[in-house]
Amino acid sequence: IDAFGGDYTAYMTRREIEEEMEALTAIRENQEGDEKKRATALRIAAIAKAAGDWGRVINELTPFLATDNQDVLRELGHAFCEEHRHSPMGSEYAQGQGYLQQAIEMAPGLPEAHALLAETWTRLPHEERKSRELYQTAFEADPENPYNFAAFLEFELLFNHEKALFKLMAPSIRRAIEQCRTHTEIGIELPRAFFTMGQLHILLGEPYESLTAYCKALQLCISDEAGAR
């Protein structure tokens, strides 16, 4: 229970997503007090985020922006950057990055905002070092998170070009693969867990295992019942 008490998202079908969001919306509309409404809005936003409905996330959380809540700033910043990911030089994208930076300043020890901000810099030219530094911070804050670990390794390879590094880190890489496999078995972080397993198997020089993981991820992505991770 302790190992999976973090911010892991359960896999849901499209129908389950719609039903859950309808129920939570009804609850929020009948709640009293901003704190309760904000908590429910964050739950709705988490489901919309999993479905890739970034506009819904923005609509749900924007009314709570004035509360200066770290969770609201983080999720709203991520949503702005994803909604405008094809225009990373635009003002809306920069606005999202600003929200993520505010979230980091409010809670510098929490890794998720660092990882999300790192991802935003990967879409901008010549900003690899910023991404690397942020992913490193996220990894150091939560070394047991296999997704931050995989991103950190990717940037280490980009800058160091030292494949021998992965031989030294093989035990840690295999431990991360097992964590991802456990996530797939209990139905969380899908299809992300399979994609990350594929990435990590490649670093170990295991192409067939990597291909199997990628195929399982793609199977989830193209399924008629696929809703969200």
Test side chain to side chain donor-acceptor pair (under 3.5 Å) applied to Asp53 - qualifying residues, sequence neighbours left out: none
Pairs meeting criterion salt bridge (Lys or Arg N to Asp or Glu O under 4.0 Å) with involvement of residues 115-139, two or more places apart: Glu82-Arg123, Glu119-Arg123, Glu127-Lys130, Arg132-Glu156
Neighbour count above 12 (heavy atom, 6.0 Å) for Lys216 NZ: no
ILVMFWY cluster, Phe195 and Leu200 together (side-chain gap under 4.5 Å): no
Nearest non-hydrogen partners of Ala51 and Ile17, listed with the distance: CB-CD1, 3.9 Å
Ionic contact status for Lys36 with Glu32, cut-off 4.0 Å: no
Criterion salt bridge (Lys or Arg N to Asp or Glu O under 4.0 Å) on Arg74 and Asp71, from CA distance to verdict: CA-CA 5 Å; Arg74 183 190 68 236; Asp71 294 329; 2.9 Å; yes
Show me, pair by pair, the donor-acceptor contacts under 3.5 angstrom made by side chains of residues 94-106, not counting sequence neighbours?
residue, atom, partner, partner atom, Å
Gln95, NE2, Tyr99, OH, 2.8
Gln97, NE2, Thr120, OG1, 3.0

Side-chain touch Glu154/Leu158, heavy atoms, less than 4.5 angstrom: no
Ion pair check, Glu178 and Arg175, cut-off under 4.0 Å: no
Nearest atoms (heavy-atom pairs only) where Leu24 meets Thr40: O-CG2, 3.5 Å
Side-chain heavy-atom pair Arg56, Ile44 within 4.5 angstrom cut-off: yes
Check: Thr67 side chain, Phe64 main-chain N or O, donor-acceptor pair, under 3.5 Å: yes
Shortest non-hydrogen contact from Ala217 toward Pro191: O-CB, 3.8 Å
Over all atoms of both residues, closest heavy-atom pair of Pro146 and Cys180: CB-SG, 3.7 Å
Nearest heavy-atom neighbours spanning Ala48 and Val57: CB-CG2, 3.7 Å
Asn148 side chain near Pro111 side chain, heavy-atom distance below 4.5 Å: yes
Spacing of OH belonging to Tyr147 relative to NE2 belonging to His183, to within rounding of 0.5 Å: 5.0 Å
Student check: side-chain heavy atoms of Met89 and Tyr93 closer than 4.5 Å: no
Smallest separation among heavy atoms of Ile202 and Ser210, with atom names: CG1-OG, 3.1 Å
Co-membership, hydrophobic cluster, residues Leu203 and Tyr208, 4.5 Å side-chain: no
Joint cluster assignment, Tyr214 & Leu220, ILVMFWY side-chain distance < 4.5 Å: no
With sequence neighbours excluded, residues passing side chain to side chain donor-acceptor pair (under 3.5 Å) with Thr212: none
Euclidean distance, Ile173 CD1 relative to Phe149 CZ, rounded to 0.5 Å: 5.0 Å
Between CD1 on residue Ile177 and CD on residue Glu209, distance to nearest 0.5 Å: 8.5 Å
is_close_aromatic(Trp54, His78), centroid dist under 6.0 Å: yes
Inter-residue atom distance His201.NE2 - Leu204.CG, 0.5 Å rounding: 7.5 Å
Qualifying residue, where the test is side chain to side chain contact (heavy atoms under 4.5 Å, CB included) with Glu60 and the options are Glu75, Lys49, Met21, Arg28: Arg28
Partner set under side chain to side chain donor-acceptor pair (under 3.5 Å) for Tyr135, not counting sequence neighbours: none
Partner set under side chain to side chain donor-acceptor pair (under 3.5 Å) for Arg174, not counting sequence neighbours: Glu206
